[in-house]
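To keep things clear, I will list the structure first and then write my remarks on it.
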There are 2 protein chains.
Amino acid sequence: MSKTPAPPPVTVTSLLMEVSRLLRARFREQAQDWELTQPQWLALAHLNKTPGLTQSELAERLEVSKVTVTQLVDRLEKSGWLRREAHESDRRATRLQLTDKAAPVTAELWRVGAVVRGQALAGLSAGEREQLESLLQRVKTNLSGAAAKE
Amino acid sequence: MSKTPAPPPVTVTSLLMEVSRLLRARFREQAQDWELTQPQWLALAHLNKTPGLTQSELAERLEVSKVTVTQLVDRLEKSGWLRREAHESDRRATRLQLTDKAAPVTAELWRVGAVVRGQALAGLSAGEREQLESLLQRVKTNLSGAAAKE
DNA sequence: GACATATGGTTAGCTTACTAACCATTTGCC
DNA sequence: GGCAAATGGTTAGTAAGCTAACCATATGTC
């Protein structure tokens, strides 16, 4: 009575962040043979699909800041997954190219992604999966727009 | 044809991690007056509800590793939100106590949490919110259990 | 053409999260 | 009682994300 209903600290938001942490952990387990993390894998996948992206373009696709991409690319370059190449018309920009080392792996990695996704979504019907995705998409839209407001 | 349907890099998993990032960002915006982040706020909330938790107990409630709690508590202690006190019967353990500085704020912070949650869930009916929470809960259970199994 | 502004990237410094390795106690078993 | 194993915390090192501040080059306007 004195404490106002004391809302349980487990809210949708913290639940969501927990799930995000767990996803990262599971991915690490699955992908450890290649020594790649989920964000790294995602970057390679984008570059596999669209070679020659600039860092800005990659940042936009990954929906992270350009600083994050700089560091991500640093690590991927150091490990030999990709190269930074000069942009032919804009001397500020760098184009990203996968190395030969990366080519054979990207396909395999989709399988890893599928495994983790399979673990996560086990027991959910096709309808429920769609529903989850669509709800998350709406939440994402809400949060993306909310930045400017007031 | 040559590229196998090329699944779009936007999967439920990456969508989920994006939303998690956005939540963190929105929370930072809302809570910046107190210079507290979402995990810090969550820790204070737990301690407000259950004073005297040990770090291990807090780690369990937050569902993060004890290392993470060590660092989190380091920062919270340095900023004067809480104290580490000796455990009365276990000399290894430390009990966490909120300081006077923290007391008045914890209540306010629930409001902040509610604001962010409100932004995130805007436009979702009560039923949809429940559905989202229940789906996430199932995903979380899947991922928690998946660790052991091969 | 010159200067203000916008854009591409980097550096520095922060928080959160992790694993691995390590002390110091406590507990359990013989 | 004594020793092995479990538990509570910390330290070191890494990845991912951010903001703020900063170069260098492009672009746009006068």
Side-chain angles (χ1 to χ4, degrees), chain A residues 14 16-29 31-32 34-43 52-79 81 84-96 147, chain B residues 14 17-29 31-32 34-44 52-79 81 84-96 147:
Chain A
S14 55
L16 221 144
M17 294 176 90
E18 268 168 47
V19 172
S20 170
R21 276 201 304 273
L22 286 169
L23 279 174
R24 224 180 4 194
R26 290 300 151 266
F27 194 93
R28 192 169 26 230
E29 283 171 17
Q32 61 188 351
W34 295 284
E35 311 238 306
L36 280 166
T37 63
Q38 202 267 358
Q40 290 175 352
W41 152 77
L42 196 53
L53 284 174
T54 65
Q55 293 188 198
S56 292
E57 289 165 344
L58 183 57
E60 202 175 321
R61 278 173 174 70
L62 296 177
E63 304 196 57
V64 296
S65 73
K66 55 186 186 168
V67 187
T68 300
V69 166
T70 295
Q71 298 176 328
L72 193 60
V73 168
D74 279 350
R75 281 185 286 268
L76 286 170
E77 192 175 32
K78 187 151 57 170
S79 322
W81 295 103
R84 274 184 243 238
E85 296 187 346
H87 191 287
E88 59 293 344
S89 62
D90 188 337
R91 277 195 290 171
R92 297 168 305 177
T94 60
R95 288 201 176 286
L96 302 174
Chain B
S14 55
M17 294 175 90
E18 266 169 47
V19 172
S20 170
R21 273 200 306 273
L22 287 169
L23 279 173
R24 223 177 9 194
R26 290 303 150 265
F27 194 93
R28 193 172 22 234
E29 282 171 16
Q32 59 190 350
W34 294 285
E35 312 238 304
L36 280 167
T37 62
Q38 201 269 356
Q40 290 175 351
W41 152 77
L42 197 52
L44 294 188
L53 283 175
T54 65
Q55 293 189 199
S56 294
E57 288 165 345
L58 183 57
E60 202 175 320
R61 279 172 172 70
L62 297 176
E63 305 197 54
V64 297
S65 72
K66 55 187 186 167
V67 188
T68 301
V69 166
T70 294
Q71 298 177 328
L72 193 60
V73 168
D74 279 351
R75 282 184 285 269
L76 287 171
E77 190 175 33
K78 188 151 57 172
S79 321
W81 295 104
R84 275 184 243 237
E85 297 187 346
H87 191 286
E88 57 295 343
S89 61
D90 188 337
R91 279 196 290 172
R92 297 167 306 176
T94 61
R95 288 201 176 286
L96 303 174

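Proteins come first, then strands; the chains are lettered A, B, ... in the order of their sequence lines, and each starts at number 1.
- The OG1 atom of A/Thr37 sits 7.5 Å away from atom CZ of A/Arg75, with the distance rounded to the nearest 0.5 Å.
- The base of C/dT25 lies outside donor-acceptor range of the side chain of B/Arg91, with no N or O pair under 3.5 Å.
- At whole-Å resolution of the value, CG in B/Leu58 and P in D/dG8 are 13 Å apart.
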Exercise for the section: Apply salt bridge (Lys or Arg N to Asp or Glu O under 4.0 Å) to A/Arg95 and A/Asp90, showing your working. Expected result: CA-CA 10 Å; A/Arg95 288 201 176 286; A/Asp90 188 337; over 6 Å; no
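- Distance A/Arg26 CZ to C/dA17 P: 16 Å, rounded to the nearest Å.
- The shortest distance between side-chain heavy atoms of A/Thr68 and A/Glu63 does not fall below 4.5 Å.
- Taking only side-chain nitrogens and oxygens, A/Gln38 never comes nearer than 4.0 Å to OP1 or OP2 of D/dA15.
- No side-chain donor-acceptor contact under 3.5 Å links B/Gln55 to the backbone of B/Val69.
- Heavy atoms from other residues, nucleotides or ligands lying under 6.0 Å from CD of A/Glu88 number more than 12.
- When rounded to the nearest whole Å, the span between CG of B/Asp74 and P of C/dT16 equals 11 Å.
- Rounded to the nearest 0.5 Å, atoms CG (B/Leu76) and CG (B/Leu96) are 9.0 Å apart.
- The distance from atom CD of A/Glu18 to atom P of C/dA17 is 10 Å, rounded to the nearest whole Å.
- Going from atom OG of B/Ser14 over to atom CH2 of A/Trp41 covers 6.0 Å, rounded to the nearest 0.5 Å.
- Looking at heavy-atom distances under 4.0 Å, A/Thr70 makes contact with a base.
- C/dG8 atom C1' lies 12 Å from atom CG of A/Leu96, rounded to whole Å.
- Heavy-atom distances to DNA chain D give each of A/Thr37 and B/Arg95 a nearest nucleotide, and the one nearer the 5′ end belongs to B/Arg95.
- As judged by a 4.0 angstrom heavy-atom cut-off over every strand, B/Ser89 is placed among residues touching the sugar-phosphate backbone only.
- When rounded to the nearest whole Å, the span between CG of B/Asp90 and C1' of C/dT27 equals 10 Å.
- In this structure, A/Trp34 places its CH2 atom 20 Å from C1' of D/dA15, rounding to the nearest Å.
- A/His87 places its NE2 atom 10 Å from the P atom of C/dG8, with the value rounded to the nearest Å.
- Mapping A/Val69 and B/Leu72 onto DNA chain C via the closest heavy atom, the residue that lands nearer the 5' end is A/Val69.
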Mind listing the N/O atom pairs, protein and nucleotides 18-21 of chain D, below 3.5 Å?
from, atom 1, to, atom 2, distance (Å)
D/dC18, OP2, A/Ser65, N, 2.8
D/dC18, OP2, A/Ser65, OG, 2.9
D/dC18, OP2, A/Thr68, OG1, 2.7

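- Nucleic acid contact class of B/Arg84 (heavy atoms, under 4.0 Å, all strands): sugar-phosphate only.
- Considering only the side chain of B/Thr54, D/dG9 comes nearest among C/dT10, C/dT25, D/dG9.
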